[in-house]
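Everything below concerns the one structure shown next.
This is a predicted model, so every value here is computed, not measured. First the proteins, then the strands, lettered A, B, ... as listed; each starts at 1.
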Amino acid sequence: MLKVTLPDGSIKECEKGITFLEIAKSISEGLARNVLAAQVDGEVIDSMRTLEKDCQLSLLTWKDEGGKSTLWHSSAHLMAEALEFYYPGIKLAIGPSVTNGFYYDVDFMDYSFKEEDLVKIEEKMKELSKQKNPFQRRVVPKNEAIAYFKEKNDPYKVELLEELEDGHITFYSQGNFTDLCRGPHIPDTSYIKAIKLMSIAGAYWRGDEKNKQLTRIYGITFPKQSELEEYLHRLEEAKKRDHRKLGKELELFTFSQKVGQGLPLWLPKGAELRERLENFLKKTQKKAGYQQVITPHIANKELYVCSGHYEKYGEDSFKAILTPDPNEEFYLKPMNCPHHCEIYKSKPRSYKDLPARFAEFGTVYRYEQSGELHGLTRVRGFTQDDAHIFCTPEQVKEEFKKVIDIVLYVLKTLDFKQFKAQISLRSKEDRSKYIGSEENWIKAENAIIEAANEKELSTFIAYGEAAFYGPKLDFMVQDALGREWQLGTIQVDYNLPERFELEYIGADNQKHRPVMIHRAPFGSMERFVAVLLEHCAGDFPLWLSSEQAVILPISEKFNSYAEEISSQLADLDIRTRIDDRNEKIGKKIRDAELSKIPFMLIIGEKEMNEKTCSVRQRHKGDLGNMTLIQFSDILKEVVQNELVKL
RNA sequence: GCCGGUGUAGCUCAGUUGGCCAGAGCAGCUGAUUUGUAAUCAGCUGGUCGGGGGUUCGAAUCCCUCCACCGGCUCCA
């Protein structure tokens, strides 16, 4: 008998050689029906594998990430089987599970595969799933595996196989389909109850644009039909929060083909919102010892040659701006740091002056690839809430921690509870794209990791995500559709100070090199507004709302009283508008609700006589009759609750 | 940039076996109504059917090309 330790700590005695599914059965039939995979000593494997030694076991179901990914991975195989049925001879590349479902990259050769073909594949998958075909695992010697796929004429699998180590290669088969696969898989196809193929898209083989482009088919499956329906419903709801849709509806921003792709136009309401966010941060930064600076939108090519950006990005950026002098070239500024370095250099600096913190809402222009533009989250002209901190090497960690405080304060104030802190380091393999000495990189990496640890941030490391001049700490949040975006970023940089030969005089009366910290708590105003918009579904906090209340006279007879309270509320610093259209009150309320105005003040005969207003709150309804002072107190309290979070 | 899809009024959308002056709702304008917590009624205005080229007696509809947008891929200082 072997000892199996379950997640609750209990130990179960089991016979060697029984399957994990059988262990599940011995616990309960219900559990057994739901088990998708087994996690044995931390490794996720088939529930049909057998018990060989004492172990820690947890049985994974739909509720576990490992369970989900196993079902989806198996679904990818099921889809591949259906595809081979209709398109014999297609070449399959890879078919993994992803955050929301799975995909398979397929080389369709001469077939043409269209979106409308998804339905018939889906139907075939449903048919195959009902056949209850078991997933069978088989260890295959490398040469045999290669021979199999050479015979099948699949160059992608052969290429994958050639990189694998002999003795660790497994095939999985179900029905008429066999695939090279590490696993794990569900016991049989009948576990896949609800199937939806979502979309097709192009994807390069191995993610390299030099390689052939394959057709990627995305799908998602569930162990229950109702879960699929719920998922599709959630997708619909998410679409309603899409910042591109809300931005248009709430008249925050727009794009114009004439102005140019990826160049947002901020409408009055959007501009006001943005101004409030900027002022909020300016105030926070002023307290933290930052100084505002202003730099121009273009700069001489020499600036970027010096910074290294020209060499790195010159080819892909907006082309140079020429002048009557043939020896001159200017560039639209793609980042603010080189300018700030020159501000630092404008006078000699003493260690007593450091840290120097220069902040600027600097608008920058980058020629992003056309296919990459996306609403406000990816644009060609945007404003960074940028600042550069110049400090001594000894001050780096402390300064870095202070910046983390600001970022956390900003996220907390705007009610972002879900975010990830990503430590972005160099790629392990390819170091050619980075500049600067090994020694400086290591110093910078350590500073970030230590600061993050001391601030007790929960972090994860992403290799290959560093900037070319240094590592970063990036704050990532998800948008309505689950896409991840980088918002705030903090970067330690030893390179630019060197390139610009920045110096300060130390206590020893010698010249020293300062260290730079680049940081932007919002990231960019554009992206932040986009993510904020989706996060709050357009219901902005009161302190950010341009129109905090709309005054709704019951009829035109009360317009003059509306004017009166509007001016009184303005004296109380409350931002209002009067809806004096010749419409019924129901219509005015409906329009105010749809435009997501936090408060509505309904005034008629009674209110005019009593010098009161009837207050209605967005999404909540009637709060009753009150005086303007009472109303203003409510607003003050709401704003207090929104802002005082530290 | 690459693959696939989409493009009709300010917005949401109808209209393709090629054929009457291209339609609807909302928004806007004008008038009537003077209204009590999510859409008052009537009339009117508004469209180079994304741009350009072609096929045809005839194109929103078919073909070519360019542009923009959407979903991905690659990229992201």
Side-chain angles (χ1 to χ4, degrees), chain A residues 98 103 105 108 112-116 198-218 239 242 244-245 248-249 251 254-258 260-262 304 307-314 316-317 333-338 364 366-375 377-380 384 386 433 435 465-470 472 481 483 485-486 489 491 493 495-496 518 527 552-559 582-594 600-607 614-625:
Chain A
V98 286
Y103 67 79
D105 283 349
F108 274 97
S112 91
F113 187 81
K114 294 238 159 73
E115 196 125 17
E116 55 258 34
M198 305 299 292
S199 61
I200 60 178
Y204 300 105
W205 166 237
R206 315 209 109 180
D208 187 335
E209 61 182 326
K210 286 184 214 78
N211 288 335
K212 180 162 186 190
Q213 189 153 36
L214 308 171
T215 305
R216 176 170 297 181
I217 307 177
Y218 282 93
K239 275 189 194 155
D242 192 311
R244 292 166 295 185
K245 181 174 151 66
K248 189 183 270 182
E249 285 171 3
E251 296 179 12
T254 190
F255 288 89
S256 145
Q257 235 184 92
K258 275 214 186 76
Q261 229 188 338
Y304 303 116
S307 70
H309 290 99
Y310 178 78
E311 193 195 341
K312 189 82 189 162
Y313 295 100
D316 308 319
S317 59
K333 107 172 137 177
M335 81 297 301
N336 305 300
C337 30
V364 297
R366 298 176 184 177
Y367 192 80
E368 305 291 356
Q369 294 184 58
S370 66
E372 198 42 56
L373 302 171
H374 181 96
T377 50
R378 197 72 192 275
V379 287
R380 285 180 173 164
Q384 296 178 311
D386 213 356
K433 46 185 179 177
I435 60 169
E465 294 297 317
F468 74 96
Y469 51 75
K472 313 187 282 177
L481 295 170
R483 288 177 286 222
W485 297 100
Q486 176 198 309
T489 180
Q491 313 172 1
D493 183 358
N495 290 302
L496 275 190
H518 307 239
R527 180 173 294 174
L552 310 179
I554 296 280
S555 86
E556 286 172 356
K557 286 191 283 192
F558 313 107
N559 283 354
N582 183 2
E583 292 287 351
K584 295 178 80 166
I585 194 67
K587 168 74 168 166
K588 293 183 185 183
I589 288 170
R590 179 182 156 80
D591 288 348
E593 289 275 356
L594 289 177
M600 286 151 262
L601 302 182
I602 292 139
I603 55 163
E605 187 83 45
K606 188 173 161 224
E607 289 77 10
S614 176
V615 178
R616 182 186 162 106
Q617 192 171 6
R618 163 178 76 191
H619 306 322
K620 295 213 171 90
D622 200 354
L623 300 187
N625 205 276

### Message
Mind checking if K312(A) touches a base, just sugar-phosphate, or nothing, with heavy atoms under 4.0 Å?
### Response
nothing
#### Entry: Integer angstrom distance from the C1' of G19(B) to that of G1(B)
42 Å
### Message
For the CG atom of D493(A) and the NZ atom of K472(A), what is their distance to the nearest 0.5 Å?
### Response
12.5 Å
### Task
Could you check whether the rings of Y469(A) and H518(A) sit parallel, tilted or perpendicular, using 30° and 60° as the cut-offs?
parallel
### Query
Taking the side chain of S199(A) as its heavy atoms from C-beta onward, which of G5(B), G71(B), U35(B) lies nearest to it?
G71(B)
### Query
Which part of the nucleic acid, if any, lies within reach of Y469(A) when heavy atoms closer than 4.0 Å are counted: base, sugar-phosphate only, or nothing?
sugar-phosphate
### Message
Does I602(A) reach a base, just sugar-phosphate, or nothing at all? Heavy atoms under 4.0 Å.
### Response
base
### Closest non-hydrogen atom pair, D622(A) against R616(A)
N-CG, 4.0 Å
### Task
Name the nucleic acid region contacted by G371(A), choosing base, sugar-phosphate or nothing; use a 4.0 angstrom heavy-atom cut-off, strictly under.
base
### Task
Considering only atom P, compute the distance from G18(B) to G46(B) and round it to an integer number of Å.
31 Å
### Same-atom distance (P) from A60(B) to U45(B), integer angstrom
22 Å
### Task
Calculate, to the nearest 0.5 Å, the distance between atoms CZ and CE belonging to R590(A) and M600(A) respectively.
12.5 Å
### Task
Starting at atom CD1 of I585(A), determine the distance to atom P of A39(B), rounded to an integer number of angstrom.
12 Å
#### Entry: Euclidean distance, atom CZ of residue R618(A) to atom C1' of A38(B) [Å, nearest integer]
15 Å
### Task
Look at the side-chain N and O atoms of Q261(A) and state whether any lies under 4.0 Å from the OP1 or OP2 oxygen of C69(B).
yes
### Message
I'd like to know if Q213(A) reaches the base of C2(B) with its side chain, counting only an N/O donor and acceptor under 3.5 Å.
### Response
yes
### Query
Does E607(A) reach the side chain of N625(A), with side-chain heavy atoms less than 4.5 Å apart?
yes
### Closest contact, heavy atoms only, I217(A) versus F113(A)
CD1-CE2, 3.6 Å
### Query
To the side chain of K248(A), which of A38(B), U12(B), C75(B) is closest?
U12(B)
### Summary
Out of G4(B), C73(B), A77(B), minimum distance to the side chain of K472(A) belongs to A77(B)
### Message
If you go through the side-chain atoms of E115(A), does one of them form a donor-acceptor pair with the base of G71(B) closer than 3.5 Å?
### Response
no
### Message
Determine whether a donor-acceptor pair (one donor, one acceptor, N or O, separation below 3.5 Å) exists between the side chain of R378(A) and the base of C76(B).
### Response
yes
### Task
Give the rounded distance in Å between these two atoms: CD of Q369(A) and P of C2(B).
10 Å
### Task
Pick the P atom in C62(B) and in G25(B), then give their distance to the nearest Å.
27 Å
### Summary
To the nearest angstrom, the CG-P distance between D622(A) and G36(B) comes to 14 Å
### Minimum-distance nucleotide to Y313(A) side chain [options: A77(B), G1(B), G71(B)]
A77(B)
### Task
Give A203(A) one of three labels, base, sugar-phosphate or nothing, depending on what nucleic acid heavy atoms sit under 4.0 Å from its own.
sugar-phosphate
### Summary
In terms of heavy-atom contacts, A201(A) and Y218(A) come closest through CB-CE1, 4.4 Å
### Query
Whole Å only: how far is the CG atom of D208(A) from the P atom of C2(B)?
16 Å
### Message
Between G52(B) and A59(B), how many Å separate the two C1' atoms, rounded to a whole number?
### Response
15 Å
### C69(B) phosphate, OP1 or OP2, under 4.0 Å from H374(A) side-chain N/O
no
### Task
Select base, sugar-phosphate, or nothing to describe what F255(A) touches, counting heavy atoms under 4.0 Å on all strands.
nothing
## Note on the structure
Encoded 5' to 3' (Watson-Crick or G-U under 3.5 Å; [ ] crossing; | other strand), RNA chain B becomes (((((((..((((.....[...)))).(((((.......))))).....(((((..]....))))))))))))....
### Message
Salt bridge or not between R206(A) and D208(A)? Use side-chain N to carboxylate O under 4.0 Å.
### Response
no
### Task
Check the pair Y304(A) / K333(A) against side chain to side chain contact (heavy atoms under 4.5 Å, CB included), numbers first and verdict last.
CA-CA 9 Å; Y304(A) 303 116; K333(A) 107 172 137 177; 3.2 Å; yes
### Query
What's the closest nucleotide to the Q257(A) side chain, out of A68(B), G1(B), U40(B)?
A68(B)
### Task
Look at the side-chain N and O atoms of K606(A) and state whether any lies under 4.0 Å from the OP1 or OP2 oxygen of G36(B).
no
### Message
Using the six-membered base ring of A77(B), report whether F468(A) stacks on it, requiring centroids under 5.5 Å and planes under 30° apart.
### Response
no
### Task
Remember a base hit wins even if backbone is also touched, and classify R616(A) as base, sugar-phosphate or nothing at under 4.0 Å, heavy atoms.
base
### Query
Hey, does E605(A) reach any base, or is it just sugar-phosphate, or nothing, if we go heavy atoms under 4.0 Å?
base
#### Entry: Length of the line joining R380(A):CZ and A77(B):P, which is rounded to integer Å
16 Å
### Query
Are any of K587(A)'s side-chain N or O atoms less than 4.0 Å away from OP1 or OP2 of A27(B)?
yes
### Query
Any donor and acceptor pair, going by atom type alone, linking the side chain of K588(A) with main-chain N or O of I554(A) inside 3.5 Å?
no
### Message
For G1(B) and S370(A) - does any side-chain N or O of the residue sit under 4.0 Å from the phosphate oxygens OP1/OP2?
### Response
yes
### Message
If you count every heavy atom of other residues, nucleotides or ligands that lies below 6.0 Å from E311(A) atom CD, does the total exceed 12?
### Response
no
### Query
Between N559(A) (CG) and U35(B) (P), how many Å, whole number?
13 Å
### Query
From G1(B), A39(B), G72(B), pick the nucleotide closest to the side chain of Y218(A)?
G72(B)
### Query
For G604(A), which contact category applies under a 4.0 Å heavy-atom criterion: base, sugar-phosphate, or nothing?
base
### Task
Determine the contact category for E607(A): base if any of its heavy atoms lies under 4.0 Å from a base atom, sugar-phosphate if only primed atoms, P, OP1 or OP2 are that close, otherwise nothing.
base
### Message
If I pick the P atom on G58(B) and the same atom on C41(B), what distance separates them, to the nearest angstrom?
### Response
46 Å
### Query
Quick one: is G71(B) close enough that its OP1 or OP2 comes under 4.0 Å of any side-chain N or O from R244(A)?
yes
### Query
Taking N and O atoms by type only, does the side chain of Y204(A) place a donor or acceptor under 3.5 Å from a partner on the base of G1(B)?
yes
### C1' spacing across the pair U8(B) / G4(B), given as an integer number of angstrom
23 Å
### Query
In whole angstrom, what separates L552(A)'s CG from A39(B)'s P?
13 Å
### Task
Give the minimum heavy-atom separation between G470(A) and A466(A), together with the two atoms involved.
O-CB, 3.7 Å
#### Entry: Proximity to the side chain of S614(A) - top-ranked nucleotide from U37(B), U34(B), A77(B)
U37(B)
### Query
G7(B) and U48(B): how far apart are their C1' atoms, nearest whole angstrom?
15 Å
### Query
Which part of the nucleic acid, if any, lies within reach of E583(A) when heavy atoms closer than 4.0 Å are counted: base, sugar-phosphate only, or nothing?
base
### Most 5' of F113(A) and M335(A) on RNA chain B, judged by nearest nucleotide
F113(A)
### Query
Which is true for T215(A) with a 4.0 Å heavy-atom rule: it touches a base, it touches only sugar-phosphate, or it touches nothing?
nothing
